[in-house]
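Heavy atoms only: backbone and side chains are in, while hydrogens, waters and symmetry mates are out. Remember, it's 1-based here, ligands and their atoms both numbered in the order they're listed.
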Amino acid sequence: MNRVRCLVLNAALGPLDYKVPEGMVVEPGVVVECPLGPRTVIGIVWEAERLPGTEVPVEKLRNLRGLLPVPPLSAPLRRLIEWTADYYVASLASVARMALSSGGALKGRATMTEYRLTGGMPERMTPQRQAAIDALEGEQANIRELAGIAGVSEGVLRGLVNQGVLEPVEVDCDRPYDPAHPDFAEVALSAQQREASGIFSDAVRAAKFAPFLLDGVTGSGKTETYFEPVAQALRMGRQVLVLLPEIALTENFLHRFEERFGAPPVLWHSSLKSTERRRAYRAVSEGSAQVVVGARSALFLPFRQLGLIVVDEAHETSFKQEEGVRYNARDVAVMRGHFEQVPVVLASATPALESLQMAESGVYAKVDLPSRFGGAQLPAIDTIDLTEEKPPQGMWLAQRLVDGIEERLGRGEQSLLFLNRRGYAPLTLCRNCGFRYQCPNCSAWLVEHRFTNRLACHHCGHEAPAPKACTECGEPDCLVACGPGVERIADEVAERLPQSRVFVATSDTLNSPGRAAEFIAAVEAREVDVIVGTQLVTKGFHFPELTLVGVVDADLGLEGGDLRAGERTYQQVAQVAGRAGRGSKPGEVLIQTRHPEAPVIAALAAGDRDAFYSAETEMRREAGAPPFGRWAAIIISSEDDAEAREAASRIGAFRPEVAECLILGPAPAPMALLRGRYRYRFLINARRSVQLQDVIRRWLGALDHPPGVRVAVDIDPYSFV
Ligand SMILES: [Zn+2]
Ligand SMILES: [Zn+2]
């Protein structure tokens with residue numbers, strides 16, 4: 001083969017053909033350098049028959065420049081890239097880019113110079129040189145580290161290098177990871193866990209595609225249950241991918257993993273340093289990274305031989321990517337399992353309705369863990385009707401909830417208050433002129449943060465110091481905070497129960513693994529009585545002394561009114577309720593609401609999960625919402641409002657007429673301004689029988705737009721703003 005087709009990493013270009021120079025050996029999947037005009041771009045050699053392009057006569061083809069020193073992308077990964085691009089109406093190049101996600105790794109092996117003793121002696125010995133030689137026996141490191149070990153200056157060591165006493169050694173920058181041992185420390189499982197893990201281990205052994213829904217109540221020990229099949233994959237020399245929703249807050253998981261396998265897993269997430277990225281990427285592609293624990297982007301890593309994929313907390317909406325290629329990692333994970341021919345376990349205590357439906361229709365095998373590990377009881381749940389039990393003027397917590405916290409204080413137990421709102425107050429307004437503080441870049445109010453004394457936008461990151469006087473009318477001391485955020489709730493607890501020690505747990509205060517670890521340690525050491533937290537505290541934490549959970553405002557999530565509002569509220573409250581009573585002491589949950597009769601709230605209070613899911617299923621069926629019908633969104637945006645509006649109405653003028661497919665819009669998006677861009681939106685609702693992606697591709701494919709206009713397609717959207 002002296003002619004190849006390449007997928008180049010430039011979304012504006014189609015596939016390009018190149019000539020393979022004499023002596024170069026290529027196969028599908030190899031990563032190559034392609035000449036493009038005066039530049040060189042990265043490309044992937046692809047099966048020509050799967051990538052239709054324009055036929056160029058062979059004499060016009062240019063030679064490939066070279067091969068990049070990384071293993072070729074495997075056929076299963078190439079099929080996954082094709083599927084993802086096709087399903088999410090994205091360009092192949094933008095999906096392929098996610099699979100080549102470490103620029104450093106593409107450059108190949110990186111080395112550095114270390115030094116070690118040769119056994120020789122310097123011509124002139126000094127006391128410092130002698131001390132260094134004595135201290136460095138058996139050591140190998142760079143000069144700075146050796147100077148530290150020997151307690152001498154770097155100059156002394158450079159002298160020894162010149163004398164041939166120390167010699168340089170080229171070493172790989174990317175040290176191998178400590179191996180995980182499948183039989184390091186097996187943990188005792190309940191009969192129920194053993195049965196479930198046996199099913200998964202058998203599936204790993206069979207090495208075939210098999211999707212599972214592991215449906216286990218909070219505290220049932222789902223993690224330990226899937227550790228056994230992980231061990232099975234390791235015994236077979238295969239790799240494992242575990243996706244977690246909040247990778248920065250996995251202390252507890254990592255600790256349990258290391259106890260079980262004797263070494264930490266390999267991490268993959270967006271805040272890795274580029275050197276760590278290169279090391280992890282190379283180890284994954286070479287097969288030496290055995291277990292990768294990652295955020296959704298780990299899904300496109302070039303595993304050498306996968307044996308198992310686990311998606312933990314599979315219901316989490318953070319698995320949905322909301323920019324670039326708008327994919328849902330939960331669904332793509334199942335497809336990766338399909339192409340790799342390995343089992344996929346979706347684990348959750350509150351599965352998405354879509355996942356339950358797949359289990360019901362027999363596509364996924366459902367495995368249940370119906371009771372808590374160690375015989376712990378599920379907490380007792382009660383509602384507080386805020387229209388009856390009104391909190392005192394200017395306060396947000398009903399007396400019964402405060403009494404509950406006080407009772408726990410007396411017993412040395414802990415309480416958790418949940419409110420999914422960061423900061424002190426979601427809105428600041430002027431009592432004198434009515435001015436409301438709004439973000440200049442977004443259709444959103446600025447949120448007051450008292451810890452930092454600033455007003456901040458949670459959508460674009462815009463920040464300003466909190467003003468002392470109204471910036472509009474100049475009146476001093478007239479600004480009022482409206483509504484509560486977690487900081488305000490913490491203040492209220494401190495005011496009403498002055499003896500309590502309160503901790504605010506949000507992404508503002510737990511913004512690094514180190515701070516998360518400090519928080520966990522403080523709670524475990526009982527240095528905290530009351531945790532006030534956002535959705536961050538709804539998952540993963542296991543505090544045996546935490547016996548009361550208060551949901552400050554269960555109605556909050558229902559206000560947005562998108563199609564998953566009920567499900568999301570149910571999941572959040574059920575997850576946070578699951579933090580209570582995980583040890584030997586029973587837990588209690590108090591839910592504050594103004595609508596105790598709402599189906600979601602009633603189902604939560606009754607602990608009747610099935611009732612909630614069946615009501616929700618009927619509602620979705622009637623609305624033609626997923627999983628019974630399909631939605632897609634098209635968002636048109638530009639920094640120039642008129643330009644965005646014009647592009648949207650032009651797209652609207654070409655709207656296709658398709659049976660059983662309803663196209664709504666264009667209309668200004670609910671967030672009509674976001675990060676400085678004006679936004680217009682189409683919503684499409686279709687029956688499952690409609691080839692929705694084809695409709696959208698044909699519709700949008702024929703239209704060109706000014707360079708400032710972005711047209712984003714969101715298939716199966718989660719965000720309706
Ligand atoms: Zn004012
Ligand atoms: Zn903003």
Side-chain angles (χ1 to χ4, degrees), residues 248 270-271 317-318 320-324 326 394 419-488 504 506-509 511 534-536 556-557 559-562 568 633-645 647-648 666-681 708-712 714 717-721:
S270 58
S271 39
T317 50
S318 60
K320 176 70 165 58
Q321 172 141 309
E322 295 292 0
E323 53 199 22
R326 293 163 188 244
L419 177 66
N420 204 19
R421 234 191 222 155
R422 289 159 52 210
Y424 184 83
L427 168 66
T428 302
L429 62 78
C430 171
R431 200 187 303 129
N432 190 45
C433 72
F435 181 71
R436 296 164 168 223
Y437 282 82
Q438 192 175 358
C439 176
N441 313 316
C442 307
S443 327
W445 307 122
L446 292 177
V447 178
E448 182 185 357
H449 285 249
R450 287 242 166 131
F451 288 170
T452 52
N453 200 26
R454 296 176 90 76
L455 297 179
C457 171
H458 289 177
H459 299 278
C460 71
H462 168 87
E463 273 194 7
K468 294 219 177 348
C470 174
T471 45
E472 201 62 14
C473 67
E475 186 76 11
D477 299 322
C478 62
L479 297 180
V480 211
C482 299
V486 281
E487 293 177 10
R488 195 170 199 176
V504 174
T506 69
S507 55
D508 299 311
T509 57
N511 50 13
T534 56
Q535 51 85 28
L536 214 56
L556 190 60
E559 283 162 10
D562 76 59
R568 204 142 45 210
I634 301 173
I635 305 266
I636 298 103
S637 70
S638 164
E639 289 177 10
D640 180 65
D641 190 15
E643 191 179 64
R645 194 171 348 118
M671 288 283 284
L673 179 64
L674 182 61
R675 293 182 207 102
R677 300 183 72 85
Y678 293 88
R679 305 163 80 240
Y680 291 81
R681 184 180 74 169
V709 170
R710 254 184 247 154
V711 179
D714 195 354
Y718 269 61
S719 165
F720 286 83
V721 298

*Show all protein N/O/S atoms under 2.8 Å from the Zn ion (ligand 2), or state that there are none.*
Cys439 SG, Cys442 SG, Cys457 SG, Cys460 SG

Under 3.5 Å, is there a donor-acceptor pair between the side chain of [X] and the main chain of [Y]?
{"X": "Arg679", "Y": "Val721", "result": "yes"}
{"X": "Arg488", "Y": "Gly483", "result": "yes"}
{"X": "Asn420", "Y": "Gln535", "result": "yes"}
{"X": "Ser637", "Y": "Tyr678", "result": "no"}

*Go through the side-chain N and O atoms of Asp641 and Tyr680 and say whether any donor and acceptor fall under 3.5 Å apart.*
yes

*Closer than 2.8 Å to the Zn ion (ligand 1), which protein N, O or S atoms?*
Cys430 SG, Cys433 SG, Cys470 SG, Cys473 SG

*Answer whether the closest heavy-atom distance between the side chains of Pro670 and Arg681 falls below 4.5 Å.*
yes

_Side chains of Pro426 and Cys482, heavy atoms from C-beta outward: is any pair under 4.5 Å?_
no

*N-O pairing of Glu448 and Arg450 below 4.0 Å*: yes

*Electrostatic pair Arg677-Asp640, nearest N-O below 4.0 angstrom*: no

